[in-house]
Amino acid sequence: MTMSSLKIHEVGNVGVVTLARAHKRNALDDATVREIDDYFSNVPSHIRVIVMMAEGDHFCAGLDLKEHHDQERGAVEFLRVCQAWHRAFDKIQHGGIPVIACLQGAVVGGGLELASAAHIRVADASTYFSLPEGTRGIFTGGGATVRTARIISADRMIEMMLTGRVVGIDEGHRIGLAHYVCNTPENPVSAQDFAMSLAERIAQNAFLSNYAIVTSINKIADMSATDGLFAEGLMAAVVQTGPDVQGRLNEFVTKKAHKVKPGVDAIA
Ligand code: 1HE
């Protein structure tokens, strides 16, 4: 399926969402954010994992500055734009389906906010990160103060925003902006192939376990310790009564399950 700025296809039970505005370096205009919201609001029920990637040399150049410039938005109008981004990106983060972002080139401003909503970030060696809003006279409005700050800490985000500097892939990997780096001598596979193979493996986890992982951990981080422990117990109680739990436990007690050891993949 092709919307105007997104391409959607499926590989088995993996949904692949591709930003397709490479001529604008995948900058996010209002229409693209609406399309992201539409897709993540209506994910087909057979989809177990989503990979979000981008055409061209750059994952995403952030807010469409031309549209923003031309619209001369007032405060309330731009508040509504930010709320639309928050709604769409919340659906990525809290929709109950694991989302893997596959990054290359610029992951800047709103592009980093989009990537921060994903649960796993796989980066090509060409990837770099920046929060140049200060240099453009604007501020983050797509969730970075919540999501990106939780990944790298508020302290690091403030420094990145004040300086607007480019964070290269090595530093980005070290501070958690990328979980995996591809297309390197140590890991020569392409980021897209790596992301797809991770997606296929994660799709084999119990559906309810994946649901709990991607919905409850971030929510519990917002709670008091007492509430968090209660919510964790409730979530665990729901997950462990899922349909395939007994079969998986049976594999363990009959010694057919994998062992948790270095070099042994959790999912064969
Ligand atoms: C754009 C955008 C954009 C490119 N909005 N049109 N984001 C930024 O500050 C990043 C701005 N972009 C760049 O720094 C560079 O474009 C890149 C480093 C990403 C890529 O450079 P390059 O040399 O490959 O491409 P280019 O020639 O700069 O751009 C190609 C076209 O894409 C060109 O359009 P054309 O019509 O002249 O061909 C660019 O104008 C267009 N383009 N980036 C609109 N961002 C909710 S708040 C979020 C706040 C933010 O995201 S602030 C961060 C904004």
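In each ligand, atom 1 is the first atom listed, and ligand 1 is the first ligand listed.
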Show me the short polar-atom pairs for ligand 1: any N or O of it lying under 3.5 Å from a protein N or O, with distances only.
residue  : atom   : partner : partner atom : Å
ligand 1 : 5 (N)  : Leu63   : O            : 3.4
ligand 1 : 5 (N)  : Leu65   : N            : 2.8
ligand 1 : 7 (N)  : Ala61   : O            : 2.7
ligand 1 : 9 (O)  : Arg136  : NE           : 2.6
ligand 1 : 9 (O)  : Arg136  : NH2          : 2.8
ligand 1 : 24 (O) : Arg25   : NE           : 2.9
ligand 1 : 24 (O) : Arg25   : NH2          : 3.4
ligand 1 : 24 (O) : His58   : NE2          : 3.4
ligand 1 : 25 (O) : Arg25   : NE           : 3.0
ligand 1 : 25 (O) : Arg25   : NH2          : 3.2
ligand 1 : 32 (O) : His23   : O            : 3.3
ligand 1 : 34 (O) : Lys24   : NZ           : 3.4
ligand 1 : 36 (O) : Lys24   : NZ           : 2.5
ligand 1 : 45 (N) : Ala61   : O            : 3.1
ligand 1 : 45 (N) : Leu63   : O            : 2.9
ligand 1 : 51 (O) : Leu63   : N            : 2.8
ligand 1 : 51 (O) : Gly110  : N            : 2.7

- Query: Would a 4.5 Å heavy-atom cut-off, applied to side chains only, mark Val108 and Phe129 as touching?
  - Reply: no
- Item | Partners meeting ring-ring contact (aromatic ring centres under 6.0 Å, His included) with Phe40 (sequence neighbours left out) | none
- Item | salt_bridge(Lys24, Asp29) N-O dist < 4.0 Å | no
- Query: Got a sec, which residues hit side-chain contact (heavy atoms from CB on, under 4.5 Å) with Phe78, two or more places apart in sequence or on another chain?
  - Reply: Leu63, His68, Arg73, Val81, Cys82
- What residue pairs, at least two apart or across chains, pass side-chain hydrogen bond (donor to acceptor under 3.5 Å, both in side chains) with a residue in residues 150-162? Arg150-Asp222, Glu159-Arg165
- Should we say atom CG of Asp57 is surrounded by more than 12 heavy atoms from elsewhere, each under 6.0 Å from it? no
